[in-house]
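Notes to accompany the following structure.
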Amino acid sequence: MTDAPDRRIDLQFDDNRLAALLYGHHDSHLARIEAQLGVSLISRGNRLTIAGPETGAEAAKAALETLWERLKNGLDVGTGEVDAALRTAASGPTALAQLSRPEGSVRTKRRSISPRSPMQAAYLQALLDNELVFGLGPAGTGKTYLAVAQAVAMLTAGRVERIILSRPAVEAGEKLGYLPGDIREKVDPYLRPLYDALHDMLPADLVARRLATGDIEVAPLAFMRGRTLANAFVILDEAQNTTPMQMKMALTRLGEGGRMAVTGDLSQIDLAPGQRSGLADALEILGGVPGVGKITFSDGDVVRHPLVARIVRAYDQRDLEREKARHG
């Protein structure tokens, strides 16, 4: 015989169609919440009963109410949004409220993109408020994806005239000269994540048209030299792999009416040993400069598979232990 649950909470939703979206296909969202919080969720039409330990039951209630508000505000609810609500539930109602506000979302031709953590909400706002924003943190935190979303939204609204997406062509020691093909074929693999983000925001035919007209340009960083980029939203991705000279060159391309997002992860530098990262250099020099924003994500903001956050934490812990050993 098992002990009775510590807490029982009854919820009722006033729209059966939205309740079905909240529960997920074959109640998949409810199953996800049960697995992560150790609670039992029983649905009967638009009524839902939560049973389980008090902490888990309250977290499930908070997450479900936040997801319900998202649906009522016309926002999507999928696996990613469920995970985001569960991660944020412990942070309290203010943090949760940011996940359900339509004014915090970015609308593009293909979808409405909303923050999945309080830091993502702060990042989207920083991209609106500042001419230059540094987005820092581990893989999977949405720093590049959200910058592309904001750039596409601004282009569609006529707030900028073009988007320029760029990365330094340095990856894990690979040398471009040894790769087959012409220059475009050599650099395209490095730029593929930027193309993927674009296709998430816009229909494929519109992406192709915008690329053909130059309204959207995807190019390696070396192609930026000597240009002035007015009325453009520039995204410099993987900026930890720039040298200080490359970073200065990129930052000084910004022209009248321009905006720039610089994204990177200082724990993933692929430069030659002893070579200083241009991203680290710029952060040191530009701290406190008006018009420059900086948002730093942590493993708690990782919005990919939950295992990614655990992997990031494990690596960070290993690095911390090595650092302690060196100074111990």
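Heavy atoms only: backbone and side chains are in, while hydrogens, waters and symmetry mates are out. Note that the structure is a prediction, hence the values are computed from the model and not measured.
Taking CG of Leu236 as the reference point, atom OG1 of Thr242 lies at 6.5 Å (rounded to 0.5 Å). Taking CD1 of Ile113 as the reference point, atom OG1 of Thr108 lies at 4.5 Å (rounded to 0.5 Å). The CG atom of Asn46 lies 8.0 Å from the CG atom of Asp14; values are rounded to the nearest 0.5 Å. The CE atom of Met154 lies 4.0 Å from the CZ atom of Arg159; values are rounded to the nearest 0.5 Å. Asp76 contributes atom CG, which lies 7.0 Å from atom CZ of Arg70 (distance to the nearest 0.5 angstrom). Residue Leu266 holds its CG atom at 5.5 Å from CD1 of Ile269, rounded to the nearest 0.5 Å.
In this structure, Val292 and Asn130 have side chains that are not in contact, with every pair of non-hydrogen atoms separated by 4.5 Å or more. Side-chain contact between Val148 and Phe233: absent, with no pair of heavy atoms (C-beta onward) separated by less than 4.5 Å. Between Arg167 and Pro193 there is a side-chain heavy-atom pair separated by less than 4.5 Å. In this structure, the side chains of Ile164 and Ile235 stay at 4.5 Å or more apart for every pair of heavy atoms. Annotation: side chain of Leu211 is in contact with side chain of Tyr195 (closest heavy-atom distance under 4.5 Å). Taking 4.5 Å as the limit, some side-chain heavy atom of Asp200 sits within range of a side-chain heavy atom of Tyr145. Side-chain contact between Ile295 and Leu136: absent, with no pair of heavy atoms (C-beta onward) separated by less than 4.5 Å. Side-chain contact between Leu254 and Leu229 is absent, with no heavy atoms from C-beta onward closer than 4.5 Å.
A salt bridge does not link Glu131 with Arg259: every distance from a Lys NZ or Arg NE/NH1/NH2 to an Asp or Glu carboxylate oxygen is 4.0 Å or more. Ion pair Lys72/Glu65 not flagged as a salt bridge, since none of the NZ, NE, NH1 or NH2 atoms sits closer than 4.0 Å to an Asp/Glu carboxylate oxygen. With respect to Asp83 and Arg32, a salt bridge is recorded, a charged nitrogen being found less than 4.0 Å from a carboxylate O. The pair Asp281-Arg276 counts as a salt bridge, with a side-chain nitrogen and a carboxylate oxygen less than 4.0 angstrom apart. The pair Glu217-Arg227 counts as a salt bridge, with a side-chain nitrogen and a carboxylate oxygen less than 4.0 angstrom apart.
Residues Asn241 and Gln268 have side chains that never bring a donor and an acceptor to within less than 3.5 angstrom of each other. Under the 3.5 Å distance criterion, with hydrogens and angles disregarded, no donor-acceptor pair is assigned to the side chains of Arg253 and Thr228.
Residues passing the side chain to side chain donor-acceptor pair (under 3.5 Å) test with Arg47, sequence neighbours excluded: Gln12.
Heavy atoms only, all atoms of each residue included: Tyr123 and Ala261 are closest at OH-CB, 4.5 Å. For Ser117 against Asp301, the heavy-atom pair with the smallest separation is OG-OD1, 2.9 Å. The two residues Asp27 and Ser43 come nearest to each other via the heavy atoms OD2-OG, 3.5 Å. The two residues Ala57 and Gly52 have their closest heavy-atom pair at CB-O, 4.2 Å. In plain terms, the two heavy atoms of Leu279 and Gly264 that are nearest each other are CD2-CA, 3.9 Å.
Other residues, nucleotides and ligands contribute only 12 or fewer heavy atoms inside 6.0 Å of the CZ atom of Arg225.
The backbone N or O of Thr66 lies less than 3.5 Å from no partner atom in the side chain of Glu69, so there is not a single donor-acceptor pair. Side chain of Thr213 to main chain of Arg209: a donor-acceptor pair is present (N/O by atom type, distance under 3.5 Å, no hydrogens or angles). The backbone N or O of Arg116 lies less than 3.5 Å from a partner atom in the side chain of Gln120, making a donor-acceptor pair. Panel note: side chain Lys143, backbone Pro138; a donor-acceptor pair is recorded below 3.5 Å. For the pair Ser166 (side chain) and Ala219 (backbone), a donor-acceptor distance under 3.5 Å is present.
Members clustered with Leu67: Ile9, Leu11, Phe13, Leu18, Leu21, Leu22, Tyr23, Leu30, Ile33, Leu37, Val39, Leu41, Leu48, Ile50, Leu64, Trp68, Leu71, Val77, Val82, Leu86, by chain and number, using a 4.5 Å side-chain heavy-atom cutoff among hydrophobic residues.
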* Please test Leu165 against Asp237 for side chain to side chain contact (heavy atoms under 4.5 Å, CB included), starting from the C-alpha separation and ending with a verdict. => CA-CA 8 Å; Leu165 308 173; Asp237 190 33; over 6 Å; no

* To do: Apply side chain to side chain contact (heavy atoms under 4.5 Å, CB included) to the pair Val160 and Asn231, showing each step before the final yes or no.
  => CA-CA 5 Å; Val160 296; Asn231 300 310; 5.6 Å; no

* **Verdict with supporting geometry, Arg44 and Thr49, side chain to side chain contact (heavy atoms under 4.5 Å, CB included)** => CA-CA 8 Å; Arg44 297 182 183 86; Thr49 299; 4.2 Å; yes

* What do the steps show when you test Val207 against Met201 for side chain to side chain contact (heavy atoms under 4.5 Å, CB included), and what is the final call? -> CA-CA 9 Å; Val207 172; Met201 316 293 170; over 6 Å; no

* Asked: Would Asp215 and Arg162 count as a salt bridge (charged side-chain N to carboxylate O under 4.0 Å, His left out) if you check the C-alpha gap in whole Å, the side-chain angles of each, and the deciding distance to 0.1 Å?
  -> CA-CA 4 Å; Asp215 292 341; Arg162 54 187 171 147; over 6 Å; no

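Linking ILVMFWY residues whenever their side-chain heavy atoms come closer than 4.5 Å, directly or via other members, leaves Leu251 and Met245 in distinct clusters. No continuous path of ILVMFWY side-chain contacts below 4.5 Å connects Tyr315 to Leu320, so the two sit in separate hydrophobic clusters.
Each of Glu161, Gln150, Arg210 was evaluated against Leu155; a single residue qualifies, Arg210, per the side-chain contact (heavy atoms from CB on, under 4.5 Å) test.
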